[in-house]
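Both backbone and side-chain heavy atoms feed into the values below; hydrogens, waters and symmetry mates do not. Residue numbering restarts at 1 for every chain, and letters A, B, ... go by the order of the sequence lines.
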Amino acid sequence: VRWAWLAVCVLSGTGGDLMSAKGMAAHGELECFSPRRMAQVLRYIVTHPLIVAGIASDAVSFLSLIALLSVVDVSFAIPATAVSYILKTALARWYLGECISWRRWAGAACVAVGVYLISK
Amino acid sequence: MTDAVGRKKLRNRIFITLIVISNTLGNLSLGRGMKTMPGFRPDMLPTYIVEFATNPWIAAGIALLIVWMVAQLSMFTFADLTYVLPMTAGAYVLTAVLSRFFLGEQISPERWAGIALISVGVMLVSESPPVEPRRGVSP
């Protein structure tokens with residue numbers, strides 16, 4: 001059961017971030033941050049189907065993390081989710097077309113191992 | 001360095017700082033609020049909801065996490081996902097350090113190693129441009 005919850009948590013979190021990032025990238029570069037402009041951005045966020053789906057997917061990830069915590073210790077749950085950094089990096093290349101330099105790969109790997117150690 | 005490049009660097013730094021601080025303080029505030037909540041009992045649901053909605057720590061935590069979410073989404077408009085995620089993992093480091101100094105929690109050698117590794121990861125990614133040129137697309 002715990003591996004199933006972990007898979008749901010990691011996959012929905014990864015999918016959520018990928019969809020949100022794709023939806024926001026379609027918006028175009030934000031350069032002005034006036035209250036009026038930010039209100040427009042908020043409206044864009046809550047009406048863009050990909051971003052709404054991304055946020056919903058992140059919510060599923062959060063709820064499945066809580067479900068996971070009800071069956072395992074925090075010291076298993078949080079370190080195990082560190083693998084999502086590697087998964088997001090790999091999928092960002094395919095889904096978002098990001099060109100991932102060796103620095104990005106090495107950084108993501110260091111962060112994943114670091115998160116594993118810090119929350120163990 | 002031209003003004004435009006300088007402005008973009010400043011924008012990156014402001015957003016990374018905002019994302020890290022709002023995420024860390026939001027989680028700490030929500031955690032503190034939840035500790036002062038009564039234990040959950042289904043028959044006391046209305047009282048629980050009122051307590052939850054009127055707890056200032058929980059309200060501040062939720063407000064900070066909304067700021068975090070909007071800031072992170074906004075950053076996706078001018079930076080790659082594989083740049084934003086590792087850069088903002090500094091939140092883990094800040095949470096550990098704040099827990100050490102404000103809550104008096106002990107940090108084990110393993111956790112110090114984790115803090116060091118995340119910092120190395122952040123430094124490596126910070127050396128790459130926020131948007132790497134796409135394959136087949138001239139920059």
Next item on the list: Report the distance from atom CZ of B/Phe76 to atom CG of A/Leu18, rounding to the nearest 0.5 Å.
Entry: 9.0 Å
Margin query: Tell me whether B/Tyr48 shares a hydrophobic cluster with A/Ile66, the cluster being built from Ile, Leu, Val, Met, Phe, Trp, Tyr side chains joined at under 4.5 Å.
Written below: no
Next item on the list: Write out, in numerical order, the residues from residues 51-64 of chain B with a heavy atom short of 4.5 Å from a heavy atom in chain A.
Entry: none
Note to self: Could you check whether any side-chain heavy atom of A/Cys110 comes within less than 4.5 Å of a side-chain heavy atom of B/Met123, counting everything from C-beta outward?
What the structure shows: no
Item checked: Close side-chain approach of A/Glu31 and B/Arg11, heavy atoms under 4.5 Å -> yes
Next item on the list: Kindly indicate whether the side chain of B/Leu73, heavy atoms from C-beta on, has any atom under 4.5 Å from the side chain of A/Ile55.
Entry: yes
Check: Side chain, backbone, both or neither: which part of B/Ala96 has an atom under 4.5 Å from a heavy atom of chain A?
Finding: side chain
Note to self: Quick check for you: to the nearest 0.5 Å, what is the distance between A/Leu96 atom CG and B/Asp80 atom CG?
What the structure shows: 8.0 Å
Note to self: Do A/Leu63 and A/Val10 sit in one hydrophobic cluster, given that two such residues count as connected whenever their side-chain heavy atoms are within less than 4.5 Å of each other, even indirectly?
What the structure shows: no
Checklist line | Shared hydrophobic cluster, B/Trp68 / A/Met19 (ILVMFWY, side-chain heavy atoms < 4.5 Å) | finding: yes
Next item on the list: State, to 0.1 Å, how close B/Gly121 and A/Val111 come at their nearest heavy-atom pair, and which atoms those are.
Entry: CA-CG2, 4.2 Å
Notebook entry, point to check: Around A/Phe33, counting heavy atoms of other residues, nucleotides and ligands shown, do more than 12 lie under 6.0 Å from its CZ?
Noted result: yes
Next item on the list: Please look at A/Tyr44 and chain B and tell me whether the side chain, the backbone, both or neither of the residue comes under 4.5 angstrom of a heavy atom of that chain.
Entry: neither
Check: Of the listed residues (A/Thr89, A/Leu42, A/Asp58), which shares the most heavy-atom pairs with chain B below a 4.5 Å separation?
Finding: A/Thr89
Next item on the list: Pick one of side chain, backbone, both or neither for A/Trp102, based on which atoms fall under 4.5 Å of a heavy atom in chain B.
Entry: side chain
Item checked: Nearest non-hydrogen partners of A/Arg104 and B/Pro129, listed with the distance -> NH2-O, 2.6 Å
Check: What part of B/Val84 lies closer than 4.5 angstrom to a heavy atom of chain A: side chain, backbone, both or neither?
Finding: neither
Item checked: From A/Met24 atom CE to B/Phe78 atom CZ, the distance as rounded to the nearest 0.5 Å -> 9.5 Å
Item checked: Approximate separation, where rounding is to 0.5 Å, of A/Leu117 CG and B/Leu117 CG -> 6.5 Å
Note to self: I'd like to know if B/Leu28 and B/Ile107 are part of one continuous hydrophobic network [Ile/Leu/Val/Met/Phe/Trp/Tyr, side-chain heavy atoms within less than 4.5 Å].
What the structure shows: yes
Donor-acceptor contacts, no H, no angles, side chain residues 13-25 of chain B, under 3.5 Å, sequence neighbours left out:
{"unit_1": "B/Thr17", "atom_1": "OG1", "unit_2": "B/Arg13", "atom_2": "O", "d": "2.7"}
{"unit_1": "B/Ser22", "atom_1": "OG", "unit_2": "B/Leu18", "atom_2": "O", "d": "2.7"}
{"unit_1": "B/Ser22", "atom_1": "OG", "unit_2": "B/Ile19", "atom_2": "O", "d": "3.4"}
{"unit_1": "B/Asn23", "atom_1": "OD1", "unit_2": "B/Asn27", "atom_2": "ND2", "d": "3.0"}
{"unit_1": "B/Thr24", "atom_1": "OG1", "unit_2": "B/Val20", "atom_2": "O", "d": "2.7"}

Notebook entry, point to check: In terms of hydrophobic clustering (I, L, V, M, F, W, Y; side-chain heavy atoms under 4.5 Å; direct or indirect links), are B/Val120 and A/Ile100 co-clustered?
Noted result: no
Note to self: Quick one: does any side-chain atom of A/Arg103 pair with a main-chain N or O of B/Val125 as donor and acceptor, under 3.5 Å?
What the structure shows: no
Margin query: Looking at every non-hydrogen atom in both residues, tell me the closest pair between A/Ser101 and B/Glu132 and how far apart they are.
Written below: OG-OE2, 2.9 Å
Item checked: Within residues 85-92 of chain B, residues adjacent to chain A where the heavy-atom gap is under 4.5 Å -> B/Leu85, B/Pro86, B/Ala89, B/Tyr92
Check: Which of these passes side chain to side chain donor-acceptor pair (under 3.5 Å) with B/Thr82: A/Glu98, A/Arg93, A/Lys88?
Finding: A/Glu98
Notebook entry, point to check: Is the side chain of B/Thr77 donor-acceptor paired with the backbone N or O of A/Leu30 at a distance under 3.5 Å, no angle test?
Noted result: yes
Check: Taking only heavy atoms into account, what residues of residues 45-52 of chain A are found under 4.5 Å from chain B?
Finding: A/Ile45, A/Ile51
Check: Heavy-atom distance under 4.5 Å to chain B: side chain of A/Val41, backbone, both or neither?
Finding: side chain
